[in-house]
Every structure is written in C-alpha cells, then in structure tokens.
Participant: 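Can you keep this structure in mind? I'll have questions shortly.
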Amino acid sequence: MRLEALVQDSLRSVLDRLGFPSPEIPVDRPPRRELGDLSSRVAFFLAPQMGKSPQAVAQDLARALSSHPAFAQVRAVQGFLNFVLRPEALHRVLAAVLEDGLSYGKGEEGQGKKLQVEFVSSNPTGPLTIGHGRQAVLGDVLANLFAELGWPVTREYYLNDEGRQIELLAQSLWARYRQALGDPQPIPEGGYHGDYLVPIAQELAAKFGNTYPTWNEETKNTFRAEVVPRMLRLIEEDLEAVGVRFDVWTREGDLIRRGLVGEVLEELRKRDAVYEKDGAIWLSAKAHGLGRDPVLVRSDGTPTYLMVDIAYHLDKFRRGFDWVVDVQGADHVEEQQQVKLALQLLGLPQKFLSYCLHQFVTLKGQEGIEKMSTRAGRFLRLKDLVEEVGRDATRYFMVMRKPESHLVFDFELAKKQSLENPVYYVQYAHTRIASVFREATARGEMPEDFLSLDLSPLREPEELVIIMELDRFPDVLRIAAHEFAPHLLCEYLENLAGIFHPYYARVRILGQGRVTSARLALLAGVRLVLFRGLSILGVKAPEAM
RNA sequence: GCGCCCGUAGCUCAGAAGGAUAGAGCGGCGGUUUCCUAAACCGCAGGCCGCAGGUUCGAGUCCUGCCGGGCGCACCA
C-alpha cells in the first residue's frame with residue numbers, strides 16, 4: 001500500500017469512530033526529517049467543528065493511533081500530526097514497488113477515454129529552431145506522462161500549408177532561384193532570408209533552368225508545390241533528431257476543402273456570435289470580455305487562421321477526443337482566448353480544451369541568436385543543437401524548467417559529461433546500479449529474484465529515506481502530467497539520485513551476507529524508478545557510461 | 001494603454017491545491033581515494049522570497065495597487 005493511503009486509512013478509521021468523518025485527509029512530508037516521516041494537517045480542519053484547538057485534536061488523534069502497527073510513533077506538534085513509520089511498513093512499500101516492476105506508477109484514470117496532444121504545429125516555412133525544440137520535447141513528454149496515467153494518447157501536428165506565409169516562402173525561394181541563375185532578384189518584403197533555401201534554389205535552377213523568369217500565378221503554384229514537401233522534410237529531420245514522432249498530421253488545406261469552415265460559421269451565426277462589417281465576418285469577442293473582435297472571414301472571402309483553427313477544434317471534438325491539450329508558445333495567448341470562447345459559444349464542454357503555454361528559450365552565451373527568427377534566418381537549428389550536445393541532454397534541458405518560465409539553455413553545461421550536468425548525474429546513478437549488479441552477478445551474490453526476499457536488514461536511515469522517495473513516484477507522475485509540469489519529474493529524479501549517490505558512497509553493498517541481498521533489492525527499486533522516469537523523459541538509462 | 005506570463009542565494013531554478021525554522025544545482029572556499037566506476041562524496045559561506053498594503057490561527061503561495069522583464073494586441077500564421 002502507498003504511504004499516503006496508509007496514513008489516510010488509519011486516520012479515517014479513527015475519525016469515523018469519533019463521529020467526525022473527514023472527506024479530505026491531507027498527508028504531507030514534514031519540512032524537516034526530525035519531525036517525522038509523514039504528517040497530516042487534518043486537525044486544523046477538524047478543530048472548528050470539534051470545538052477544540054488544533055493541538056488538542058491532534059493530541060486525541062495521536063493517542064488513538066499510538067498502537068497502530070505501521071507507526072513507531074505518532075506525535076502532535078503545534079496542531080500537526082507527525083508519523084514515524086516502522087521500517088517494516090517501508091519494507092512492504094519496497095516489496096510492492098518491486099512487484100509492480102515496470103508498471104510501477106502507472107494509472108488507470110484515462111482508460112476508456114481519448115486524449116489528443118497537439119504540439120509543434122510549426123508552419124512549414126523552415127527547419128525547427130531550438131525554440132520549437134522546447135515545445136517538441138514538452139509535448140512529447142506530456143504525452144508520455146498521460147500515457148502512464150492510462151490515457152490513449154494521439155500526438156498530432158497541425159500543418160499550416162496554406163495562406164500568405166507559404167506564398168511568401170514560395171516567393172522567397174523563387175528569388176533565390178533567380179539569384180542562382182545570376183538574376184539578382186531581391187527577397188520579397190517580409191520574406192524568408194534563411195540560407196536553407198539556397199541549396200533548394202540551386203537544385204531547382206538545375207531542374208527548371210530559366211522556365212520561370214517572372215513571378216506569376218503559375219510560378220507561384222509551382223514553387224509552392226516544390227517548397228512545402230521540402231520544408232516538411234527539414235522539420236521531420238529535426239523531430240527525428242530529438243526523438244519525437246507524431247501519430248497524425250492534419251493539414252489546414254484539407255480542413256478547408258472538407259467544408260468545415262462554412263459549417264462552423266453557420267453554427268456561430270445561429271448563436272449570434274458573429275457579425276459582418278467592411279465585407280468581413282467578425283467574431284463577437286468583445287461582448288464576452290475579450291480585448292477585440294477578430295476577423296474570421298476576410299472581405300475577399302477566405303477564412304483566417306483563427307477561423308480554421310476553430311473549425312479544427314470542433315473537428316477534434318467530433319473525432320471523439322474527450323480532452324485536447326495544445327502546447328503553444330507565449331505568443332499565442334490571444335488566439336487561445338479566442339478559440340476557447342468560440343468553442344464555448346459552439347456549446348463544447350469547457351474542459352474539452354486545455355492549453356499548455358510555454359515561454360521562449362534563449363541560448364546562454366550565444367551572441368547574435370539570442371533573439372531567434374526563422375524569417376530573418378537568424379536561428380539555431382534543432383538538429384544542430386542535438387548534434388552538438390546529444391539527444392539526452394537536449395531533451396532533459398528542454399523540460400527541466402517549468403513551461404511558464406523562460407528557459408535559458410546553457411549550451412556549455414549541456415555538453416559536459418560530468419556531475420555538474422544534471423542529466424548525467426541522474427543517468428550515472430542508474431549506471432552505477434547496473435555496474436553493482438554486474439559485479440554482484442560475477443561474485444555470485446545476486447539473489448534469484450527480489451520478490452520473496454527478506455528486506456528486514458534495511459535499517460540504515462538513508463535506506464528508509466530512499467524507500468520513502470520511491471513511494472512518491474506515482475504522485476510525481478500524476479502531478480507532472482496534470483500541472484503540465486514535466487520539470488517536476490526532472491527534479492524528482494535529481495533528488496532520488498541525490499540521495500542514492502551519498503548512500504552508495506557511505507555504505508558497502510557487496511560482501512555483506514544477507515544485508516547484501518536486501519540492499520540489492522533496494523538498488524533494484526531505485527534503478528527501476530530511475531529507468532521509468534528517464535524513459536518517460538525520452539532519455540536513455542545507460543547500463544554503462 | 002489593454003490582455004497573459006514571470007520576478008526567490010552571485011548564476012540557473014524548485015517550492016501543485018495557503019501550513020512548521022524557504023530548498024537544490026552550479027559558481028566560491030575547505031576537505032575525502034589501499035575498498036562495488038572519484039563521471040563520486042562530505043563540510044562552510046551565501047536570502048527584508050521585486051515594493052507597499054490587505055485577507056487569517058498561518059502568506060514565497062490568495063486579493064489590490066505599484067515597479068521591473070518577456071510575449072501579444074493584423075482582413076500574418
């Protein structure tokens with residue numbers, strides 16, 4: 001049984017007996033070790049209805065629990081209830097972890113439901129930058145986390161392969177093509193200046209020769225058809241480098257061709273949520289507390305990005321998703337409010353769509369590309385970053401901060417293969433255990449299996465603390481997923497490694513008789529959780545380094 | 001001007017739902033190695049939690065106002 005449930009159950013039975021059932025029983029870790037292993041603030045909540053001080057309530061509860069077999073001690077301190085666990089209770093926790101094995105921490109909350117995580121969704125106007133990298137890893141790890149909680153997860157990429165930006169890109173490519181033929185054609189106003197178009201332009205110059213001397217409708221269609229698949233290939237290379245795969249790619253053009261836009265517009269019109277002005281169709285957002293009314297259909301009759309995005313989300317709903325999580329950068333705040341409003345007006349459940357919003361990435365010590373821009377051709381390509389610092393460090397660094405904080409990517413630190421680098425610190429804990437296991441096997445000290453082992457020799461303080469920490473893992477996964485906060489998992493793993501390394505340095509594992517078997521079982525638990533955690537982050541858990 | 005996010009140690013950051021004396025890593029200083037990988041470990045120094053009010057038994061956490069930073073405020077996507 002998990003420790004939180006153990007404490008809750010014990011308290012619940014006492015409270016029921018006293019006639020004060022409490023629906024919610026908080027269980028925490030005390031701020032300092034000396035106070036105890038676990039604590040509860042339940043007395044603060046009960047004090048008013050019991051007509052006593054929190055401390056008096058806590059004392060009553062402590063007395064009632066004093067004979068509980070799992071607790072060595074229950075103390076009332078300033079209204080808090082502090083529990084000291086018997087080692088046997090912790091040994092049972094470790095046994096349960098080992099029994100669960102690779103499924104330790106998995107949940108069932110998502111069973112029978114469908115979740116979509118939409119992320120990256122970068123316009124196919126160039127390769128992915130390290131900014132997109134944060135989103136790629138964030139979305140991927142969130143998807144992994146929800147999968148752990150039992151959700152069937154669809155990873156989806158929304159591809160804006162239509163519109164003005166693509167046209168500008170095509171024209172930029174055409175200009176590069178003309179340049180390749182010796183015609184000094186300038187990149188258009190607001191166009192794409194990146195070098196990545198140059199080799200493609202050279203290729204097209206060789207292929208077409210002088211077939212397209214002027215920018216016209218035919219040239220535009222030709223260059224657009226050439227450029228989009230090539231940009232997609234660049235994006236796929238970047239995603240591949242960072243180890244991210246998508247299940248579904250949805251193209252904006254397909255949504256438009258399916259006629260969804262007209263349908264959604266009709267619905268919005270019925271609900272009086274849109275109006276016409278200057279030949280365009282506007283969403284009545286101001287009337288619902290937003291800052292301005294955005295255009296849904298331009299006066300030339302074409303739908304805006306926002307319009308299609310609304311239709312896209314209605315389509316997601318119809319595809320049967322129970323919940324959609326969109327991972328987006330901080331520059332999309334306004335759009336998020338608008339889409340949410342529109343969906344609400346269309347009658348979708350409020351909780352259908354959640355946004356995981358993240359701030360941008362800056363590179364430490366890289367003058368000139370601190371402010372990245374694909375359009376200006378000023379960026380560091382994701383694939384190049386991965387080649388430089390490795391996939392593991394890239395992924396880890398991208399999610400080690402909470403999404404709503406700015407991320408300063410420390411290039412030099414990420415490259416270091418030493419303890420200063422948190423990802424190596426965690427990986428090294430795993431490697432060490434693997435190494436001890438190899439040595440144990442070589443010496444013939446490895447137990448047949450850990451499940452029926454006597455764990456009672458585990459009595460060192462660090463051993464009990466480590467088990468307490470292993471017990472937290474399922475909570476960490478749950479909170480990291482629902483708070484959209486994968487950094488909590490990084491923090492947890494660093495902490496676990498941070499108690500393991502000193503323990504390993506102080507205590508001998510091998511050559512200790514039956515203590516050795518028990519300690520190997522403890523190490524197996526640590527290794528299991530490190531492996532599970534690193535896997536969820538998409539980072540390797542190496543056997544040797 | 002309006003909207004969203006952020007402001008915690010020299011640096012980079014944790015402190016889910018308000019809880020006990022605010023934590024970690026790096027950097028700095030000082031130590032540890034006949035022994036399972038020192039790619040490690042131990043110790044020390046370092047804080048008016050941006051500022052000012054408020055809410056309450058209790059605020060880094062909630063509310064209000066200010067200050068500072070990021071992003072957005074297009075018939076671009």
Side-chain angles (χ1 to χ4, degrees), chain A residues 24 26 28 30-32 35 39 41 44 47-48 53-54 77-80 82 121-123 125 160 162-168 190 252 277-282 289-292 294-306 308-309 329-337 357-360 362 364 400-410 413 416-422 424-425 427-429 431-440 442-443 445 475 478-480 482-483 485 487-488 490-491 494-495 498 501-511 516 519 523 544-545:
Chain A
E24 225 176 294
D28 319 287
R32 294 183 307 286
L35 292 169
S39 69
R41 290 169 280 129
F44 289 97
S53 70
V77 181
Q78 294 168 43
F80 293 90
N82 293 333
S121 298
S122 164
N123 297 341
T125 54
N160 299 113
E162 301 274 320
R164 177 98 189 104
Q165 293 305 319
I166 297 297
E167 200 173 298
L168 268 171
E252 182 182 15
K277 193 183 83 182
D278 305 332
I281 298 173
W282 305 69
L290 267 51
R292 67 181 183 98
V295 169
L296 294 180
V297 181
R298 301 183 188 93
S299 49
D300 67 3
T302 59
T304 60
Y305 169 83
L306 176 65
V308 186
D309 202 24
D331 51 341
H332 288 264
V333 190
E334 191 185 32
E335 167 207 338
Q336 295 175 2
Q337 294 170 342
L357 182 133
H358 68 88
Q359 293 291 336
F360 297 116
T362 45
K364 185 177 175 183
M400 71 195 264
R401 303 296 178 221
K402 67 177 170 200
E404 58 270 40
S405 287
H406 289 267
L407 173 65
V408 179
F409 196 106
D410 189 335
L413 179 61
K416 279 189 189 158
Q417 311 216 348
S418 69
L419 67 146
E420 302 148 66
N421 186 342
Y424 282 95
Y425 187 76
Q427 287 180 312
Y428 185 53
T431 306
R432 263 193 156 160
I433 296 173
S435 163
V436 174
F437 280 13
R438 277 194 298 274
E439 184 67 20
R443 296 188 188 189
E445 295 188 53
D475 299 324
R478 194 168 36 78
I479 296 167
H482 283 281
E483 299 288 318
H487 72 284
L488 295 175
C490 298
E491 198 194 20
E494 283 168 47
N495 195 45
H501 284 305
Y503 167 69
Y504 171 87
R506 192 181 76 78
V507 164
R508 297 277 316 161
I509 310 293
L510 301 180
T516 288
R519 287 183 177 163
L523 264 59
M545 287 171 83

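Reckoned from all heavy atoms, side chains included, excluding hydrogens, waters and symmetry mates. Residue numbers begin at 1 in each chain, while the letters A, B, ... track the order of the sequences.
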Participant: Nearest heavy atom decides the nucleotide; on that basis, is A/Leu413 or A/Lys402 closer to the 5' end of RNA chain B?
Facilitator: A/Lys402
Participant: CG of A/Leu35 versus C1' of B/A20: gap in Å, rounded?
Facilitator: 7 Å
Participant: Anything under 3.5 Å between a protein N or O and an N or O of nucleotides 73-77 of chain B, put it in a table, one pair a line.
Facilitator:
from: B/C75; atom 1: O3'; to: A/Arg298; atom 2: NE; distance (Å): 3.2
from: B/C75; atom 1: O2; to: A/Ser299; atom 2: N; distance (Å): 2.8
from: B/C75; atom 1: O2; to: A/Ser299; atom 2: OG; distance (Å): 3.0
from: B/C75; atom 1: N3; to: A/Ser299; atom 2: OG; distance (Å): 3.1
from: B/C75; atom 1: N4; to: A/Asp278; atom 2: O; distance (Å): 3.0
from: B/C76; atom 1: OP2; to: A/Arg298; atom 2: NE; distance (Å): 2.1
from: B/C76; atom 1: OP2; to: A/Arg298; atom 2: NH2; distance (Å): 3.4
from: B/C76; atom 1: O3'; to: A/Arg298; atom 2: NH2; distance (Å): 3.4
from: B/C76; atom 1: O2'; to: A/Gln165; atom 2: NE2; distance (Å): 2.8
from: B/C76; atom 1: O2; to: A/Gln165; atom 2: NE2; distance (Å): 3.4
from: B/A77; atom 1: OP1; to: A/Arg298; atom 2: NH2; distance (Å): 2.8
from: B/A77; atom 1: OP2; to: A/Arg298; atom 2: NH2; distance (Å): 2.5
from: B/A77; atom 1: OP2; to: A/Tyr305; atom 2: N; distance (Å): 3.4
from: B/A77; atom 1: O2'; to: A/Asn123; atom 2: OD1; distance (Å): 2.5
from: B/A77; atom 1: O2'; to: A/Asn123; atom 2: ND2; distance (Å): 2.4

Participant: Please state how far atom CD in A/Gln336 lies from atom C1' in B/G3, giving the value in whole angstrom units.
Facilitator: 12 Å
Participant: In plain terms, say whether A/Glu404 and A/Lys402 are close enough for a salt bridge, that is, a side-chain N and a carboxylate O under 4.0 Å apart.
Facilitator: no
Participant: Please give, in whole Å, the distance from B/G3 P to A/Glu404 CD?
Facilitator: 20 Å
Participant: If the cut-off is 4.0 Å, is A/His487 near the phosphate of B/G15, judged by side-chain N/O to OP1 or OP2?
Facilitator: yes
Participant: Going by purine N1 to pyrimidine N3 plus the second Watson-Crick contact, or the G-U wobble pair, all under 3.5 Å, which nucleotide sits opposite B/U55?
Facilitator: none
Participant: Pick the C1' atom in B/U21 and in B/G60, then give their distance to the nearest Å.
Facilitator: 15 Å
Participant: Looking at every strand, decide which applies to A/Leu488 at a 4.0 Å heavy-atom threshold: base, sugar-phosphate, or nothing.
Facilitator: sugar-phosphate
Participant: Using the C1' atom as the reference point in each nucleotide, state the distance between B/C29 and B/G68 in Å, no decimals.
Facilitator: 33 Å
Participant: Find the partner of B/C41: check Watson-Crick (N1-N3 plus N6-O4 or O6-N4) and G-U wobble (N1-O2, O6-N3) distances, both under 3.5 Å, and reply none if neither fits.
Facilitator: B/G31
Participant: Just name whichever nucleotide pairs with B/C73, Watson-Crick or G-U, keeping both distances under 3.5 Å, else none.
Facilitator: B/G1
Participant: Rounding to a whole Å, what distance do you find between A/Arg401:CZ and B/C26:P?
Facilitator: 13 Å
Participant: When the P atoms of B/U56 and B/C66 are considered, how many whole Å apart are they?
Facilitator: 24 Å
Participant: According to the Watson-Crick and G-U wobble definitions, with both distances under 3.5 Å, which nucleotide is paired to B/G25?
Facilitator: B/C11
Participant: Whether the A/Thr125 and A/Asn123 side chains hold a donor-acceptor pair (N or O, under 3.5 Å, no angle test) is what I'd like checked.
Facilitator: no
Participant: By the 4.0 Å heavy-atom rule, please label A/Ser39 as base, sugar-phosphate, or nothing.
Facilitator: base
Participant: Starting at CD of A/Gln78 and ending at C1' of B/U21, how long is that distance when rounded to a whole Å?
Facilitator: 10 Å
Participant: Using the C1' atoms only, state how far B/G72 lies from B/G19, rounded to an integer number of Å.
Facilitator: 37 Å
Participant: Say we look at B/A17 and B/A59: how far apart would their C1' atoms be, to the nearest angstrom?
Facilitator: 15 Å
Participant: Rounded to whole angstrom units, what separation is found between the NE2 atom of A/His358 and the P atom of B/G72?
Facilitator: 13 Å
Participant: Under 4.0 angstrom, heavy atoms only, what part of the nucleic acid is A/Asp475 near: base, sugar-phosphate, or nothing?
Facilitator: nothing
Participant: Taking a pair as Watson-Crick or G-U wobble with both distances under 3.5 Å, which nucleotide is matched to B/G46?
Facilitator: none
Participant: Here's a test of your reading of the structure: between A/Phe44 and A/His501, which maps to the more 5' nucleotide of RNA chain B?
Facilitator: A/Phe44
Participant: Distance check, P atoms only: B/G18 and B/C36, in whole angstrom units.
Facilitator: 50 Å
Participant: From the list B/A16, B/G19, B/G70, which nucleotide is the closest neighbour of the side chain of A/His406?
Facilitator: B/G70
Participant: How would you label the contact of A/Gln337 with the nucleic acid (heavy atoms, under 4.0 Å): base, sugar-phosphate, or nothing?
Facilitator: sugar-phosphate
Participant: What's touching nucleotides 32-38 of chain B from the protein side, N or O pairs under 3.5 Å?
Facilitator:
from: B/C35; atom 1: O2'; to: A/Arg508; atom 2: NH1; distance (Å): 2.5
from: B/C35; atom 1: O2'; to: A/Arg508; atom 2: NH2; distance (Å): 3.0
from: B/C36; atom 1: O2; to: A/Leu510; atom 2: N; distance (Å): 3.1
from: B/C36; atom 1: N3; to: A/Ile509; atom 2: N; distance (Å): 3.2
from: B/C36; atom 1: N4; to: A/Tyr504; atom 2: O; distance (Å): 2.6
from: B/C36; atom 1: N4; to: A/Val507; atom 2: O; distance (Å): 2.6
from: B/U37; atom 1: OP1; to: A/Ser435; atom 2: OG; distance (Å): 2.6
from: B/U37; atom 1: O2'; to: A/Tyr428; atom 2: OH; distance (Å): 2.3
from: B/A38; atom 1: OP2; to: A/Arg432; atom 2: NH2; distance (Å): 2.8

Participant: Give the rounded distance in Å between these two atoms: CG of A/Leu357 and P of B/G3.
Facilitator: 17 Å
Participant: Classify the side-chain pair A/Ser405/A/Arg401 by whether it contains a donor and acceptor separated by less than 3.5 Å.
Facilitator: no
Participant: Using 30° and 60° as the class boundaries, would you call the ring planes of A/Phe80 and A/Phe44 parallel, tilted or perpendicular?
Facilitator: perpendicular
Participant: Run the side-chain contact (heavy atoms from CB on, under 4.5 Å) check on A/Arg298 and A/Thr304 step by step: do they pass?
Facilitator: CA-CA 7 Å; A/Arg298 301 183 188 93; A/Thr304 60; 4.0 Å; yes
Participant: To the nearest Å, how far apart are A/Glu483 CD and B/G15 C1'?
Facilitator: 13 Å
Participant: Considering only atom C1', compute the distance from B/A16 to B/C62 and round it to an integer number of Å.
Facilitator: 14 Å
Participant: For atom P, what is the distance between B/C35 and B/G31, given to the nearest Å?
Facilitator: 23 Å
Participant: Look through every strand shown and name the nucleotide pairing with B/A17 as Watson-Crick or G-U wobble, where both distances are under 3.5 Å.
Facilitator: none
Participant: Give one of base, sugar-phosphate or nothing for A/Pro31, where a contact means two heavy atoms less than 4.0 Å apart.
Facilitator: base
